[in-house]
Amino acid sequence: MKGKVEKVKRAVKLAPSILAADFARLGEQVAEAERAGAYRIHVDVMDGHFVPNISLGAPIVKSLRQVTRLPIETHLMIFNPDLFFDEFVEAGSDSFLVHWEGNNNLHRTIQRVKSLGKRIGVVINPATPASVLAEILPDLDQVLVMTVNPGFGHQHFIHSTLPKIRRVREMIERVRPECELELDGGIDADTARLGVAAGADVLVAGTSIFGDPDGVDAAMKRLRAATETATKVKKGSLCA
Ligand code: DX5
Ligand code: ZN
């Protein structure tokens with residue numbers, strides 16, 4: 001019961017994903033997100049092998065480092081992430097999200113990031129069970145549950161991930177309450193509400209923030225308002 005009450009009090013945090021930004025005015029878009037209260041900036045790195053798409057690299061992080069004071073989190077959808085940590089740290093990355101999938105030496109990868117003094121999170125894809133986190137959770141600052149298959153923005157939220165999000169939340173409360181639970185993919189006002197009700201405390205959102213015709217500020221307000229509703233529902237259910 002105590003854990004549930006604490007969960008209600010935790011305010012949701014937004015991590016705008018620049019994958020959906022207008023790259024011709026990236027600095028401006030990130031500044032808008034910062035003014036609108038973004039928690040950190042999410043940068044998606046894809047190598048065309050781990051996922052069927054290519055995207056951004058360390059030069060983008062270096063440029064962003066000049067225009068924002070927000071932490072920059074780097075989501076590495078690449079094979080052999082260990083080869084790139086130094087480059088991204090030098091560019092200005094504050095944290096790394098590495099996938100459980102395809103990493104035969106995840107513990108080593110995590111220790112390497114810690115030795116660089118950066119925050120570390122592990123990402124699990126929609127088909128990957130929560131149970132793979134059991135042994136590694138005590139070492140983590142973040143867990144990211146993919147709510148779409150990684151590789152592209154603007155996809156539909158996969159609802160079958162919701163029971164897993166609840167399971168990860170329970171594991172975190174039991175083992176490492178300070179670890180953040182983050183969701184990535186298909187987050188809009190409706191799915192944000194579901195994700196927060198399931199236990200998420202950080203939401204990555206690209207299209208619903210940078211693609212909103214009303215602008216970044218209005219989009220982030222809408223997402224926050226939706227998650228406040230989720231919190232109220234939870235409060236109601238606790239009182240019942
Ligand atoms: C997908 C990326 C996401 C993506 C989310 O592989 O990891 O961060 O930018 O985009 P939306 O919010 O459009 O689903
Ligand atoms: Zn991402």
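Atoms within each ligand, like the ligands themselves, are counted from 1 in listed order. Remember, predicted model here, so these are calculated numbers, not experimental data.
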Can you sort out which atoms of ligand 1 are near M77, meaning under 4.0 Å from one of its heavy atoms? 6 (O), 7 (O)
Do D44 and S55 pair up side chain to side chain, a donor and an acceptor below 3.5 Å, judged on atom types alone? no
Interatomic spacing from CZ in R193 to CG in L223 - rounded to 0.5 Å: 10.5 Å
Assess the side chains of T191 and D188: does a donor N or O sit below 3.5 Å from an acceptor N or O? yes
Minimum side-chain heavy-atom gap R119-F96 below 4.5 Å: no
Nearest non-hydrogen protein atom to atom 1 (C) of ligand 1, with distance, is F152 O, 3.4 Å
With heavy atoms of H154 as the reference, note each atom of ligand 1 found under 4.0 Å away. 11 (P), 13 (O), 14 (O)
Does ligand 1 have a heavy atom under 4.0 Å from the side chain of A205, from its backbone, from both, or from neither? backbone
Atom of H75 closest to the Zn ion (ligand 2), considering N, O or S atoms: ND1
One finds that the ligand 1 atoms under 4.0 Å from a non-hydrogen atom of H75 are 7 (O)
At less than 4.0 angstrom from any non-hydrogen atom of H42, what atoms of ligand 1 do you find? 8 (O)
As an exercise, identify every atom of ligand 1 less than 4.0 angstrom from a heavy atom of G151. 1 (C), 6 (O)
Tell me the contacting part of L19 for ligand 1: side chain, backbone, both, or neither, using a 4.0 Å heavy-atom threshold, strictly below. side chain
Quick one: does any side-chain atom of S93 pair with a main-chain N or O of S95 as donor and acceptor, under 3.5 Å? no
For P150, atoms of ligand 1 separated by under 4.0 Å from a heavy atom: 6 (O)
Please indicate whether Q111 has more than 12 foreign heavy atoms, meaning atoms of other residues, nucleotides or ligands, lying under 6.0 Å from its CD. yes
Among all protein non-hydrogen atoms, which one is nearest to atom 14 (O) of ligand 1, and what is the separation to 0.1 Å? G186 N, 2.8 Å
If I take the Zn ion (ligand 2) as the centre, what angle separates the NE2 atom of H42 from the OD1 atom of D44? Nearest 10 degrees is fine. 90°
Among all protein heavy atoms, pick the one closest to atom 12 (O) of ligand 1 and tell me residue, atom and distance. G206 N, 2.8 Å
Answer with yes or no whether G185 contacts ligand 1, where contact means a heavy atom under 4.0 Å from a ligand atom. yes
Could you verify whether a donor N or O on one side chain and an acceptor N or O on the other, from N105 and H107, lie under 3.5 Å apart? no
Starting from atom 3 (C) of ligand 1, find the nearest protein heavy-atom neighbour and note its residue, name and distance. D184 OD1, 2.9 Å
By atom name, which N, O or S atom belonging to D184 lies closest to the Zn ion (ligand 2)? OD2
Y39 and E180 side chains, donor-acceptor separation under 3.5 Å: yes
Checking a contact table here: which protein heavy atom is nearest atom 9 (O) of ligand 1, and how many Å away? S17 OG, 2.8 Å
Please check this pair: side chain of R169 against backbone of G199, looking for a donor-acceptor N/O pair closer than 3.5 Å. yes
S208 to ligand 1, any heavy atom closer than 4.0 Å: no
Do I110 and L140 make a side-chain contact, defined as non-hydrogen atoms from C-beta onward lying under 4.5 Å apart? yes
Atom 4 (C) of ligand 1 has as its nearest protein heavy atom D44 OD2, 3.7 Å
List every atom of ligand 1 that sits less than 4.0 Å from any heavy atom of T207, numbering the atoms from 1 in the order shown and giving each element. 11 (P), 12 (O), 13 (O)
Side chain to side chain, I187 and V204, heavy atoms closer than 4.5 Å: no
For H75 and H99, take the angle between the two ring planes, folded into 0 to 90°, and tell me which bin it lands in: parallel under 30, tilted 30 to 60, perpendicular over 60. parallel
If you take the centroid of each ring, where Trp contributes its six-membered ring, are F157 and H159 closer together than 6.0 Å? yes
Show me which atoms of ligand 1 lie under 4.0 Å from any heavy atom of G153. 10 (O), 13 (O)
